[in-house]
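Letters go in sequence order (proteins before strands), and every chain restarts at 1.
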There are 2 protein chains.
Amino acid sequence: MDQPSFIVPSSSTAQQVYDWLHDRILRGDLAPGARLSETEIAGQVGVSRQPVREAFIRLTAAGLAEVRPQRGTFIGRISVGAVLSARLIREAVESDLIRMVSATTSPALLAQLDQQLEAQREASARQHVEDFIALDDQFHRSLAKAAGHADVWDVLEGLKSQMNRLRYITARVFDHQKLLDQHTAIVEALRDGHADRAEQAMRLHLRELLTDLPEIARNKPEFFTK
Amino acid sequence: MDQPSFIVPSSSTAQQVYDWLHDRILRGDLAPGARLSETEIAGQVGVSRQPVREAFIRLTAAGLAEVRPQRGTFIGRISVGAVLSARLIREAVESDLIRMVSATTSPALLAQLDQQLEAQREASARQHVEDFIALDDQFHRSLAKAAGHADVWDVLEGLKSQMNRLRYITARVFDHQKLLDQHTAIVEALRDGHADRAEQAMRLHLRELLTDLPEIARNKPEFFTK
DNA sequence: CCCGCTTTACTTGTATGGAAGTATGGCGTA
DNA sequence: TACGCCATACTTCCATACAAGTAAAGCGGG
């Protein structure tokens with residue numbers, strides 16, 4: 001049984017409990033639909049129910065848990081609708097962003113992106129799922145930053161949480177090579193200064209989920225809700 | 001036999017406190033930066049501090065309040081960056097949505113939009129700010145629904161809360177006539193089956209805030225944070 | 001066996017007391 | 001007057017006790 005190694009007084013207890021659970025949920029360590037209990041978690045980390053309860057409230061606000069009064073608290077199932085909505089929003093936003101980047105792309109940026117692609121190839125070769133996911137995020141974040149809107153990416157983080165859970169839970173079924181090729185196509189379109197092609201490449205990339213999701217939902221129906 | 005799901009035993013105290021404060025904040029009844037107090041609110045509504053505290057936590061998660069440990073809880077100032085990010089996201093998403101609508105527009109939809117425009121003109125003539133804002137939301141929501149993605153609009157609600165506060169606080173400085181003309185232009189472009197023009201009209205409409213925001217922030221600097 | 005009631009062991013929700021931290025006003029001192 | 005220290009009155013945070021509701025096991029009667 002893993003638990004936070006120690007409670008540091010730097011941050012509040014509730015915050016630390018929240019961080020701990022948030023991380024475990026996103027990584028799929030806590031399965032969707034699984035039962036949580038204020039008293040049980042409190043016992044595991046050695047605090048009272050109160051901070052645990054407050055962590056639950058925040059998790060609920062983030063769409064990662066669901067508390068049914070007098071019944072129990074449960075890890076939220078992944079809402080297919082929410083994932084599809086988040087995907088559509090991502091496509092719309094990142095399409096606009098990639099056009100902005102295309103208008104101001106520089107050799108320095110292209111060099112940075114090339115370097116990130118190389119790191120992704122390396123992580124893919126190592127079959128290291130966590131690194132690959134982190135590098136994928138970094139790639140998209142770099143583009144947002146290059147467009148001068150890194151803050152937009154931060155705002156989207158909340159919406160992406162459901163997608164992130166999906167990625168962790170089903171990471172091994174994803175075709176890393178295909179994603180890599182799509183990233184490469186985006187960078188090449190930028191290098192050629194071809195805004196339309198860059199946008200289309202980005203849209204194609206972000207639509208990949210539409211083909212993967214049905215299969216994933218079929219494999220693990222107990223993890224999903226409509 | 002279970003009770004119908006929509007019959008809930010009057011929601012929890014914490015929920016009611018949250019709803020009450022949420023509404024007051026969005027309407028600008030509670031000014032940004034104003035001080036809140038667990039004990040004070042608890043006394044006002046006649047409950048203990050605990051549910052009030054939990055309402056504060058949820059408000060914080062929604063970006064509407066800020067709790068500084070051992071110092072106090074305050075109505076969150078409106079983040080200019082968050083508003084701009086939300087605006088950019090809205091423009092990107094609604095641009096995509098309006099293109100989808102344009103591909104499937106029907107006489108019935110056009111009739112519905114015409115009717116909503118008429119209602120907006122009427123509310124504008126009455127100078128009824130609340131109705132005008134509600135009808136504006138309804139207009140955009142109708143378009144999202146017509147695109148087959150009403151759920152996307154729901155997801156964006158959270159991001160829009162900061163924009164909504166802005167609208168309420170400064171509603172009287174907005175040029176209702178201009179917004180009405182822009183809405184009309186969008187509908188006309190749809191009626192002509194001109195997708196590009198519809199998208200451009202939508203983008204222009206949603207960029208209105210970019211010119212308004214600086215003036216608003218100059219008038220009420222104490223309401224904003226960078 | 002099967003149905004239905006009752007008991008019991010849970011769950012989350014609320015109230016309250018105290019712990020820890022922060023800001024402020026008052027007071028003494030130079 | 002100006003400065004530094006300190007008591008005091010706040011604040012949020014955490015722990016604990018109890019209240020209210022749910023669900024399921026147990027048990028008796030048909």
Side-chain angles (χ1 to χ4, degrees), chain A residues 3-22 25 30-77, chain B residues 1-22 25 30-77:
Chain A
Q3 73 179 57
S5 48
F6 55 95
I7 299 291
V8 279
S10 63
S11 176
S12 76
T13 307
Q15 175 68 39
Q16 293 177 52
V17 173
Y18 174 82
D19 289 340
W20 181 55
L21 292 174
H22 180 90
I25 294 174
L30 292 170
R35 186 192 195 85
L36 286 178
S37 164
E38 294 179 0
T39 56
E40 185 182 347
I41 300 292
Q44 286 181 21
V45 304
V47 299
S48 81
R49 274 179 51 212
Q50 208 53 48
V52 175
R53 175 177 175 77
E54 297 179 357
F56 283 8
I57 292 173
R58 291 183 51 192
L59 288 172
T60 299
L64 297 177
E66 178 188 2
V67 27
R68 293 203 280 243
Q70 269 71 37
R71 288 175 201 224
T73 303
F74 304 86
I75 306 292
R77 291 186 158 81
Chain B
M1 175 109 177
D2 288 339
Q3 281 185 331
S5 60
F6 55 85
I7 293 186
V8 290
S10 71
S11 56
S12 70
T13 307
Q15 176 68 40
Q16 295 178 47
V17 173
Y18 173 81
D19 289 340
W20 182 57
L21 291 174
H22 180 90
I25 294 174
L30 292 170
R35 186 193 194 86
L36 285 179
S37 164
E38 292 181 359
T39 55
E40 184 182 349
I41 300 292
Q44 286 182 21
V45 303
V47 299
S48 79
R49 297 189 333 256
Q50 202 55 45
V52 175
R53 173 176 174 76
E54 297 182 355
F56 283 6
I57 291 172
R58 292 182 50 192
L59 288 172
T60 300
L64 296 177
E66 179 189 1
V67 26
R68 293 205 283 247
Q70 269 70 38
R71 288 174 201 221
T73 303
F74 305 86
I75 306 292
R77 291 186 158 79

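The side chain of R71(A) approaches dA23(D) more closely than any other nucleotide in the set dT11(C), dA23(D), dA15(D). Of the candidate nucleotides dT12(D), dG13(C), dA15(D), dG13(C) has the atom nearest to the side chain of E38(A).
One can find a donor-acceptor pair under 3.5 Å joining the base of dT12(C) and the side-chain atoms of Q70(A). Within 3.5 Å, a donor on the side chain of R49(B) pairs with an acceptor on the base of dG18(C), or the reverse.
Residues T73(A) and F56(A) meet the side-chain proximity criterion, which asks for heavy atoms closer than 4.5 Å. Side-chain contact between I41(A) and W20(A) is present, with at least one heavy-atom pair separated by less than 4.5 Å. For the pair E66(B)/R77(B), no side-chain contact is recorded, criterion being any heavy-atom separation below 4.5 Å from C-beta on. Inter-residue side-chain proximity for H22(A) and R58(A) is flagged as unmet; no heavy-atom pair is nearer than 4.5 Å.
The interatomic distance linking R35(A) (CZ) with dA9(C) (P) rounds to 17 Å, in whole Å. What separates CZ of F56(B) from P of dC13(D) is a distance of 11 Å, to the nearest Å. Residue Q15(A) contributes atom CD, which lies 15 Å from atom C1' of dT12(D) at whole-angstrom precision. Protein atom CZ of F74(B) is 14 Å distant from nucleotide atom P of dT22(C), rounded to whole Å. Between the CD atom of E66(A) and the P atom of dT12(C) there is a distance of 13 Å, given to the nearest Å. Following rounding to the nearest Å, E54(B) (CD) and dC14(D) (C1') show an atom-to-atom distance of 13 Å. For the pair Q50(A) CD and dT12(D) P, the interatomic distance rounds to 15 Å; values are reported in whole Å.
Using a 4.0 Å cut-off, no side-chain N or O of R68(A) falls inside it from OP1 or OP2 of dT22(D). Look at T73(A) and you'll find a side-chain N or O under 4.0 angstrom from OP1 or OP2 of dT12(C). Close to dT12(D), at under 4.0 Å from its OP1 or OP2, lies no side-chain N or O of R53(B). Applying the 4.0 Å criterion to OP1 and OP2 of dC13(D), one finds that T13(A) has every side-chain N and O outside that range. Not one side-chain nitrogen or oxygen of S48(A) sits closer than 4.0 Å to the OP1 or OP2 atom of dC14(D).
With hydrogens and angles ignored, the 3.5 Å screen pairs no side-chain donor or acceptor of E38(A) with any backbone N or O of V52(A).
Nucleic acid contact class of L36(A) (heavy atoms, under 4.0 Å, all strands): sugar-phosphate only.
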